[in-house]
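For ligands, and for the atoms within them, numbers begin at 1 and follow the listed sequence. If you read the sequence from its start, that first residue is 1, and numbering goes on from there.
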Amino acid sequence: MNLFEMAQIPLHKAIEVMKLDPNAAAIIDCPERTLEVSIPVKMDDGTTKVFTGYRSQHSTIMGPAKGGIRYHQNVNMDEVKTLAFWMTCKCAVANLPYGGGKGGIIVDPSKLSTGELERLTRGYIDRIAPIIGEKMDIPAPDMNTNAQIMGWMMDEYSKLKGQYEPGFITGKPICIGGSLGRTAATGRGVMVAAGEAIKALGIKPEEATCAVQGFGNVGSWTAKLIHDLGVKIVALSDVYGAIMNEGGLDPYEVEKHVQATGSVVNFPGSKAITNAELLAMEVTVLAPCAMELQITKDNAADVKAKIIVEGANGPTTPEADEILDAKGILVVPDILANGGGVTVSYFEWVQCLYRYFWTEEEVIEKQTQLMIGAFKNVYDMAKKYNVNMRTAAYIVALNRLDEAMKFRGAY
Ligand code: NAD
């Protein structure tokens with residue numbers, strides 16, 4: 001089974017529970033469009049290397065496609081299609097006027113010079129330009145892409161169009177149309193989801209503990225903001241290893257240690273554990289914020305958390321989901337929990353279209369309200385159909401997509 005087929009399992013479950021019209025289900029099952037491109041790049045040594053890139057638009061039913069661009073050696077069409085599908089569902093759960101898209105280039109960017117990276121980035125935009133734009137498909141950063149790369153993309157696209165085009169991409173530097181609050185947005189959303197889940201179980205934040213897997217953009221902000229909520233952070237990890245302290249870790253201090261050493265490992269006062277041990281800790285909240293396929297049929301039975309809040313995309317396999325369900329663990333799914341990033345991307349797009357920019361407080365206030373509302377919708381839907389939060393989130397998304405398709409006359 002490939003990743004796209006696996007990602008569709010919870011979708012199909014929701015389709016069955018809500019008895020969605022099979023005509024609507026057939027449309028949602030297939031990405032609208034996936035483009036593969038070749039990007040020739042003049043390398044610093046005088047040779048030309050041709051890279052492969054993709055852009056997939058899963059759905060534009062609710063509005064222009066929206067989703068990040070990933071630079072990684074393992075990027076492939078199946079992964080890009082899956083990530084685009086998740087974006088459709090995520091935007092629909094958050095009730096944003098967007099469909100879902102995703103892009104990527106097969107490349108290890110750490111092996112390129114800054115000049116090569118810029119030429120690759122501009123070449124990619126030249127190739128996908130016919131299908132992107134502020135009203136068609138709006139890219140953003142994803143793994144190994146950042147505000148600088150978004151700046152080059154915006155510049156290249158503006159040159160192609162002969163006009164300033166800040167609304168075609170989000171995640172830009174603030175000085176060229178980025179939004180305040182974007183860097184922390186995904187972690188902030190994970191924190192809001194965790195806070196609501198704790199509340200739903202009748203637990204006070206100061207009585208709760210949390211372990212976070214991954215200490216990158218999402219994981220570090222999740223840890224810091226959950227800590228600010230009054231929850232004790234007892235374990236953190238990154239690709240090099242994991243650390244724990246039952247008395248609590250200060251993620252702000254851990255961040256300084258990471259800046260100095262490159263890893264959470266060897267943080268003073270912490271005990272070294274394995275990533276597998278972190279996932280099996282007895283905590284209130286486990287927040288997987290690293291990457292896909294971390295909680296599987298092989299380790300789900302070991303999970304002792306009361307709540308899992310999925311900061312990463314697709315960290316839990318469908319088989320693991322069943323095991324977690326049987327254990328009564330409340331899983332707040334990725335398409336709800338990590339929607340904070342795209343929500344603030346949406347705010348960035350709105351601000352760029354208006355050329356009028358909000359304060360960070362306004363962004364945080366609007367994001368928080370939107371996410372609390374999304375959590376409540378999904379939680380209520382879970383109660384209504386007596387299903388878990390993942391199935392409920394897909395039902396919320398499918399209801400919105402189905403309604404839009406009916407009015408647009410898609411079937
Ligand atoms: P990142 O590259 O900044 O951070 C990833 C972190 O995970 C790093 O600390 C890395 O060391 C760690 N890691 C990698 N493999 C690991 C492993 N096996 N065990 C433990 N730690 C490991 O990436 P990010 O932007 O924080 O994204 C993380 C996840 O969140 C991805 O699944 C991404 O698709 C998803 N996501 C990100 C955003 C966003 O706004 N950045 C939005 C929604 C979803």
Subject >> Audit row: N245, S270, side-chain hydrogen bond (donor to acceptor under 3.5 Å, both in side chains) steps and yes/no >> reply: CA-CA 5 Å; N245 184 339; S270 70; over 6 Å; no

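Annotation for ligand 1: atoms under 4.0 Å from non-hydrogen atoms of R182 are 40 (O). Close contacts between ligand 1 and M291 involve ligand atoms 15 (N), 32 (O) [criterion: under 4.0 Å to a heavy atom]. Every atom of ligand 1 is numbered from 1 in the order shown, and the set under 4.0 Å from a heavy atom of N275 is 19 (N), 20 (C).
Geometrically, K159 does not engage Y157 in a cation-pi contact defined by less than 6.0 Å to the ring centre and at most 45° from the axis.
For the side-chain hydrogen bond (donor to acceptor under 3.5 Å, both in side chains) condition, the pairs that include at least one residue of residues 30-40, sequence neighbours left out, are E32-T60, R33-Q57, T34-S56.
Taking a distance limit of 4.0 Å, we find that atom 23 (O) of ligand 1 is approached by no protein heavy atom.
Within the 4.0 Å heavy-atom shell around ligand 1 one does not find G341. Not a single heavy atom of E310 sits less than 4.0 Å from an atom of ligand 1.
Side chains of I131 and R55 form a contact here, defined as non-hydrogen atoms less than 4.5 Å apart.
Counting only non-hydrogen atoms, the option in V190, V239, T186, L279 that gets closest to atom 10 (C) of ligand 1 is V239.
Judged purely by distance below 3.5 Å, without hydrogens or angles, the side chains of Q367 and T343 never pair a donor atom with an acceptor atom.
Remark: side-chain polar atoms of E348 are paired, donor with acceptor, to backbone N or O of G171 under 3.5 angstrom.
For the pair V218 and ligand 1, the shortest N or O to N or O distance falls below 3.5 Å.
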